[in-house]
Amino acid sequence: MYRPDDRIPVARLTTDGWYLQGAYSLTTRFQAVARYERFDPNADSRRDDTRTWTLGLNYYVKGHALKLQADYLRTTLPGSSPVQNKLIARLQAMF
């Protein structure tokens with residue numbers, strides 16, 4: 001439970017959220033990832049939760065020291081534009 005310093009917008013706020021994630025190594029270099037998450041910013045209000053599906057593929061060029069990641073996210077939001085689709089690509093390098 002979150003209690004703001006002032007009572008704006010409310011005196012207390014209860015949030016809720018969870019996720020479920022799984023990964024599977026296709027080969028020694030490729031890994032598939034799936035994740036579902038739900039976040040409710042105000043448990044006392046109805047129909048204000050955000051839900052996201054993430055599908056990803058990781059390519060290990062040199063183990064965890066150098067890898068490429070690509071994720072597709074489909075997010076359902078409350079409000080006027082309820083669905084967002086995103087494609088995110090990352091490069092991770094450790095040195």
Subject >> Those residues that, when tested against D40, pass salt bridge (Lys or Arg N to Asp or Glu O under 4.0 Å) (two or more places apart) >> reply: R38
Same cluster for [X] and [Y] if Ile/Leu/Val/Met/Phe/Trp/Tyr side chains link at under 4.5 Å?
X   : Y   : result
L57 : V61 : yes
F39 : V83 : no
L66 : L68 : yes
Y19 : V33 : no

For a 4.5 angstrom cut-off between non-hydrogen side-chain atoms, does [X] reach [Y]?
X   : Y   : answer
T75 : N85 : no
D48 : P41 : yes
R90 : I88 : yes
K67 : Y59 : no

**OP:** Verify whether one side chain among Q31 and Y24 offers a donor that lies under 3.5 Å from an acceptor in the other.
**Re:** no
Measure the [atom1]-[atom2] distance between [X] and [Y] for me, rounded to the nearest 0.5 Å.
X   : Y   : atom1 : atom2 : answer
T54 : E37 : OG1   : CD    : 5.5 Å
R35 : T52 : CZ    : OG1   : 8.5 Å
Q92 : N58 : CD    : CG    : 9.0 Å

Original post:
Charged N to carboxylate O below 4.0 Å: is that the case for D71 and K86?
Top reply: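 Not counted as a salt bridge, because no side-chain N and carboxylate O are separated by less than 4.0 Å.
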**OP:** Please name all residues satisfying ring pair (Phe, Tyr, Trp, His ring centres under 6.0 Å) with Y36, sequence neighbours left out, ordered by chain then number.
**Re:** W18, W53
Original post:
Do any N or O atoms from the side chain of S25 and from the backbone of T27 form a donor-acceptor pair under 3.5 angstrom?
Top reply: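 Checked: no pair found.
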Original post:
Do side-chain atoms of Q84 reach the backbone of R74 as a donor and acceptor pair under 3.5 angstrom?
Top reply: no
Subject >> Atom OH of Y72: over 12 foreign heavy atoms under 6.0 Å >> reply: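 It does: Y72 OH has more than 12 such atoms within range.
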**OP:** List the atom of P78, the atom of D49, and the distance in Å for their closest heavy-atom pair.
**Re:**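 Closest approach of P78 to D49, heavy atoms only: CD-O, 3.4 Å.
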